[in-house]
Amino acid sequence: MHLMMSTLQGIVNRGRPSIYLIEPNHDEGPYTWLNDAHIPYQIKDPWTVVNQYYQEARGVIIYDPNLLDTTNVATTEAGLQNGLAVSPTLAQKLTAAPYNLPVLDDLRGKFPNSLAAYTWEFQHLWPQTTHRMLIGLRPSTSVPVPSDNWKDFQTVLQENQQVRDASNRSTYTIDLSSYLGNDAVYLRFQDAFPQDGWGPSVHEVTVKADGNVIAQFTGCSQQEEQYIFDHGNSSCDFNPSNPHRFADGSNYFVYRFAPPANTKQLTVSVDMWNEYLISASKVAPQASSDDQTPFGYLRDYAVANHAFVFWLSAQKPDEVALFNQILSAVKPGTPYLGWFDSEPDGVSMTSKHGVYVLAADWFSNLTVWSGVNAPSQKIKTIAAPPLQNKVYVTFVVSDGDNLQYDEHYMRALWDNPDRGKVPLNWSISPLLPDAAPFFLNHYQTTASSNDLLVAAPSGAGYFYPSSWPSDNLNTYLQQSNTYLGKMGTDIIYAIDPNSTLPPSVAQAYSQMGLNGMFLNNYNQSALTIANGNLPVSTQLNAANGAEIVNAINQETAQWDGKSPMFISVLLIAWNSTASDAVYVAQHLNSNYSIVRGDQFFQLAREANNLPVKH
């Protein structure tokens, strides 16, 4: 139903925004933005909407339930043929009276695997699609896992310290004999400190029943797959010398081990490190997040724009080859809307082709919000206080390049009652004037004097500057500058694999006329002057208020107080709130001064004898 409705929405909303879908997981609430924008609406049953608009569709495209990647092929075809992407069950209803829609394509049994499906799609559909954008969407999403899914699990091993450097790596042996008695034993790995994102990393697992090895595998190997009951949105690191599976934050993974009948002793030895929390059960969970269902979200925008929709790994060689072919087929400066199976590999690959990333796979109703006009307000700069021999601290909230974060979670953070009590820099996408001008207008008009919107990584979109084609970087950054102007900021936050910008990259950024740049988050903050005229501040990164205070104090331990010092702190949006910034402000002494980003760089310029921007 989600898939069908989003493809119908894309067809209908091409002309004007008419259908708005209430989809799950709205951090800001399902009607918040609609009510703020004073958009009139009626709540209707989905089939009532279908009855009203189905005649705008030319027919149906049936995806293959046995190969869910065909939902992406069907979405692409839906845009090209004005069709509805549907399951076989919905196809039966829509091809019968009163709808009588013809079958435009039936993808059942057409492809042996996902790679074959996307290869066919690229060969046959790519020439007809728009080349102004690429859209990378998982073909399906996990079914909701019940809240009591883990009620039978008991903790068997836990790291009680916040370890992020693998210093606790060891082979840990767990006796699971007390969990024998049923067909299998289930072992769940999760993050002991989900707020800081350094969960368990598992390299190798050995399972013994009465002393005999019944399972032995490396994390993320082919052998491991037969033992995974639930991947839980965990991730893989395929480093040849140290491959491992890891689960940070709310992610997890569950193994299922079935010992021989009458086993008396069952042990599991795990080579692992970082912040692990392991629990066990002899009762199977009710559900697995590996059970998949199609979804809608960004598909309306793909259909409306006749876009090419696919999902290829940024790590598996055969899929990477096709991924690179697709990226080679677009011009530098093309956006990739969606996400990857590996952020570093995906962003590196797209950047090398001059393609920037917009995390938008869970953006709702983009065909509506891109069509709701609202003016962009100029950001009012604030004069910096007189320069003193103090430690100047500024906070940057992460993840603003993420369009769906700007729509959902940022709004929840923005409504925190502690916002405005302490200066905060909120990274946000400079492309909101195109994608959702009303969202940008809301953040601008409701900002306090302590809130500053700055451009999110690393320009108009997310990319690694040192990986971008050097012959195009200046051109692309000048295009980005146009959007910074629309947004009203001259401060940018960039992410790059290098801890310092290569000279050619620094020169390109210095030509943008920026007040300053925040760079990366390598757990230390240092201010440098790039190309002789651009202040660049690397960012300190810590998990919560108390840790941030400790990190700042450690950073300033050698400060002699004879000259000003500048520290920028990255607040990871998923782990921190405005309340953490308030906590830090309350726990720093009078040697520290917390300022907004514009003041921070004004003072840094003054301290380094650079022209001060106003």
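Both backbone and side-chain heavy atoms feed into the values below; hydrogens, waters and symmetry mates do not.
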(request) Without swapping roles, check the side chain of Gln404 against the backbone of Trp362 for a donor-acceptor pair under 3.5 Å. (result) yes

(message) Does Asn553 form a side-chain hydrogen bond (donor to acceptor under 3.5 Å, both in side chains) with Tyr592? I'd like the steps, not just the answer.
(response) CA-CA 10 Å; Asn553 287 334; Tyr592 297 88; 3.1 Å; yes

(message) As an exercise, state the distance from CG of Asp237 to NE2 of His203, rounded to the nearest 0.5 Å.
(response) 11.5 Å

(message) Whether the side chain of Thr538 engages the backbone of Ala526 through a donor-acceptor N/O pair (distance < 3.5 Å, no angle test) should be reported.
(response) yes

(message) With no hydrogens and no angle check, just 3.5 Å: does a side-chain donor-acceptor pair link Asn239 and Ser241?
(response) yes

(request) Can you tell me which residue pairs pass the side-chain hydrogen bond (donor to acceptor under 3.5 Å, both in side chains) test with a partner in residues 561-573, sequence neighbours excluded? (result) Ser537-Ser568

(message) For a 4.5 angstrom cut-off between non-hydrogen side-chain atoms, does Val357 reach Phe340?
(response) yes

(message) With a 3.5 Å distance limit and no angle check, can you tell me whether Ser458 reaches the backbone of Phe463 through a side-chain donor-acceptor pair?
(response) yes

(request) Please check if the side chain of Asp406 supplies one atom and the backbone of Leu432 the other of a donor-acceptor pair under 3.5 Å. (result) no

(request) Decide yes or no for Val549 and Tyr583: does some side-chain heavy atom of the first lie under 4.5 Å from some side-chain heavy atom of the second? (result) yes

(request) Kindly give the heavy-atom pair with the smallest separation between Lys421 and Asp418, and that separation in Å. (result) NZ-OD1, 2.7 Å

(request) Report the C-alpha distance between Phe246 and Phe253 in whole Å, list the side-chain angles of each, state the deciding distance to 0.1 Å, and finish with yes or no for ring pair (Phe, Tyr, Trp, His ring centres under 6.0 Å). (result) CA-CA 8 Å; Phe246 62 95; Phe253 53 98; 9.3 Å; no

(message) Regarding Gln377 and Tyr443, do their side chains bring together a donor and an acceptor under 3.5 Å, going by distance alone?
(response) no

(message) Taking the side chain as everything from C-beta on, heavy atoms only, tell me whether Ser429 gets closer than 4.5 Å to Asp401.
(response) no

(message) Would you say Asn498 and Ser466 are linked by a side-chain donor-acceptor pair, where the criterion is simply a distance under 3.5 Å?
(response) yes

(message) Between Asp451 and Trp426, does the side chain to side chain contact (heavy atoms under 4.5 Å, CB included) criterion hold? Intermediate values first, please.
(response) CA-CA 7 Å; Asp451 298 311; Trp426 297 84; 3.0 Å; yes

(message) Set out, in order, the CA-CA distance, both residues' side-chain angles and the distance that settles ring pair (Phe, Tyr, Trp, His ring centres under 6.0 Å) for Tyr392 and Phe566, then state yes or no.
(response) CA-CA 5 Å; Tyr392 292 99; Phe566 297 88; 5.6 Å; yes

(message) Measuring from atom OG of Ser234 to atom CG of Asp191, what distance do you get when rounded to the nearest 0.5 angstrom?
(response) 12.5 Å

(request) State yes or no: are the ring centers of Tyr356 and Tyr476 separated by less than 6.0 Å? (result) yes

(request) Kindly write out the residues that satisfy salt bridge (Lys or Arg N to Asp or Glu O under 4.0 Å) with Arg245, not counting sequence neighbours, or none if the list is empty. (result) Glu224, Glu225

(request) Measure up the Tyr405 and Tyr409 rings against each other and bin them: parallel (under 30°), tilted (30 to 60°), perpendicular (over 60°). (result) tilted

(message) Any side-chain to backbone donor/acceptor pair from Asp399 onto Asn402? Under 3.5 Å, distance only.
(response) no

(request) Determine whether more than 12 heavy atoms belonging to other residues, nucleotides or ligands lie under 6.0 Å from atom CH2 of Trp198. (result) no

(message) Please determine whether side chain to side chain contact (heavy atoms under 4.5 Å, CB included) holds for the pair Asp598 and Asn515, giving the CA-CA distance in whole Å, both sets of side-chain angles, and the decisive distance to 0.1 Å.
(response) CA-CA 7 Å; Asp598 49 355; Asn515 190 9; 4.2 Å; yes

(message) Under 6.0 Å between ring centres: does that hold for Phe323 and Phe310?
(response) yes

(message) I need the single residue from Ile326, Val320, Asn324, Asp318 that forms a side chain to side chain contact (heavy atoms under 4.5 Å, CB included) with Leu312. Which is it?
(response) Ile326

(request) Would you check if there is a donor-acceptor pair between the side chains of Ser370 and Asp434 at a distance under 3.5 Å? (result) no

(request) Quick one: closest heavy-atom pair of Ala455 and Thr489, and the distance? (result) N-CG2, 3.9 Å

(message) Ring centres under 6.0 Å, that's the criterion: do Phe601 and Phe518 meet it?
(response) yes

(message) If the threshold is 4.0 Å, N to carboxylate O, is there a salt bridge linking Asp271 and Arg169?
(response) yes

(request) Of all the heavy-atom pairs spanning Leu424 and Ala581, show the shortest one and how long it is. (result) CD2-CB, 3.9 Å

(request) Check Arg299 against Asn72 and note the closest heavy-atom contact, atom names and distance. (result) NH1-OD1, 2.9 Å

(message) Run Ser448 and Asn450 through side-chain hydrogen bond (donor to acceptor under 3.5 Å, both in side chains) and show every step you take.
(response) CA-CA 5 Å; Ser448 74; Asn450 271 333; 5.2 Å; no

(request) State whether the side chain of Gln444 and the backbone N or O of Met487 hold a donor-acceptor pair below 3.5 Å, judged by distance alone. (result) yes

(request) Would you name the heavy atoms of Ser499 and Asn520 that are closest together and state the gap between them? (result) CA-ND2, 4.1 Å

(request) Report yes if the side chains of Asn531 and Pro503 come closer than 4.5 Å at any heavy-atom pair, otherwise no. (result) no

(request) Decide side chain to side chain contact (heavy atoms under 4.5 Å, CB included) for Leu534 and Tyr509; before the verdict, give the C-alpha distance in whole Å, the side-chain angles of both, and the deciding distance to 0.1 Å. (result) CA-CA 8 Å; Leu534 176 62; Tyr509 274 103; 3.9 Å; yes

(message) Could you check whether any side-chain heavy atom of Leu137 comes within less than 4.5 Å of a side-chain heavy atom of Leu298, counting everything from C-beta outward?
(response) yes

(request) Please answer whether the main-chain N or O of Tyr301 pairs with a side-chain N or O of Asn305 as donor and acceptor at a distance below 3.5 Å. (result) yes

(request) Scan side-chain atoms only and decide if Glu547 and Gln162 contain a donor-acceptor pair under the 3.5 Å cut-off. (result) yes

(message) Between Gln599 (side chain only) and Ala383 (backbone N and O only), is there a donor and an acceptor less than 3.5 Å apart?
(response) yes

(message) So which atom in Thr381 and which in Arg596 form the shortest heavy-atom distance, rounded to 0.1 Å?
(response) CA-NH2, 3.8 Å

(message) Check whether Trp414 forms a cation-pi arrangement with Arg419 (NZ or CZ under 6.0 Å from the six-membered ring centre, at most 45° off the ring normal).
(response) yes

(message) Between Asp345 and Gln315 (side chain of the first, backbone of the second, donor and acceptor by atom type, cut-off under 3.5 Å), is there such a pair?
(response) no

(request) Could you check if a side-chain atom of Met133 sits within less than 4.5 angstrom of a side-chain atom of Leu337, using non-hydrogen atoms only? (result) yes

(message) side-chain hydrogen bond (donor to acceptor under 3.5 Å, both in side chains) for Asn168 and Glu159? Distances and angles first, verdict last.
(response) CA-CA 9 Å; Asn168 63 343; Glu159 173 58 69; 2.9 Å; yes

(message) Do Ser525 and Glu555 pair up side chain to side chain, a donor and an acceptor below 3.5 Å, judged on atom types alone?
(response) no

(request) First locate atom CD of Gln195, then atom OG of Ser576, and finally report the distance between them rounded to the nearest 0.5 Å. (result) 9.5 Å

(message) Checking the side chain of Ser351 only, and the main-chain atoms of Trp468 only, is there a donor and an acceptor separated by less than 3.5 Å?
(response) no

(message) Are Tyr118 and Trp311 an aromatic pair, judged by ring center distance below 6.0 Å?
(response) no

(request) Could you check if a side-chain atom of Lys486 sits within less than 4.5 angstrom of a side-chain atom of Leu484, using non-hydrogen atoms only? (result) no

(request) Give the C-alpha distance, both sets of side-chain angles, the deciding distance and a yes or no for side chain to side chain contact (heavy atoms under 4.5 Å, CB included) between Ile491 and Leu452. (result) CA-CA 10 Å; Ile491 297 174; Leu452 182 69; 4.0 Å; yes

(request) Answer whether the closest heavy-atom distance between the side chains of Ser201 and His244 falls below 4.5 Å. (result) yes

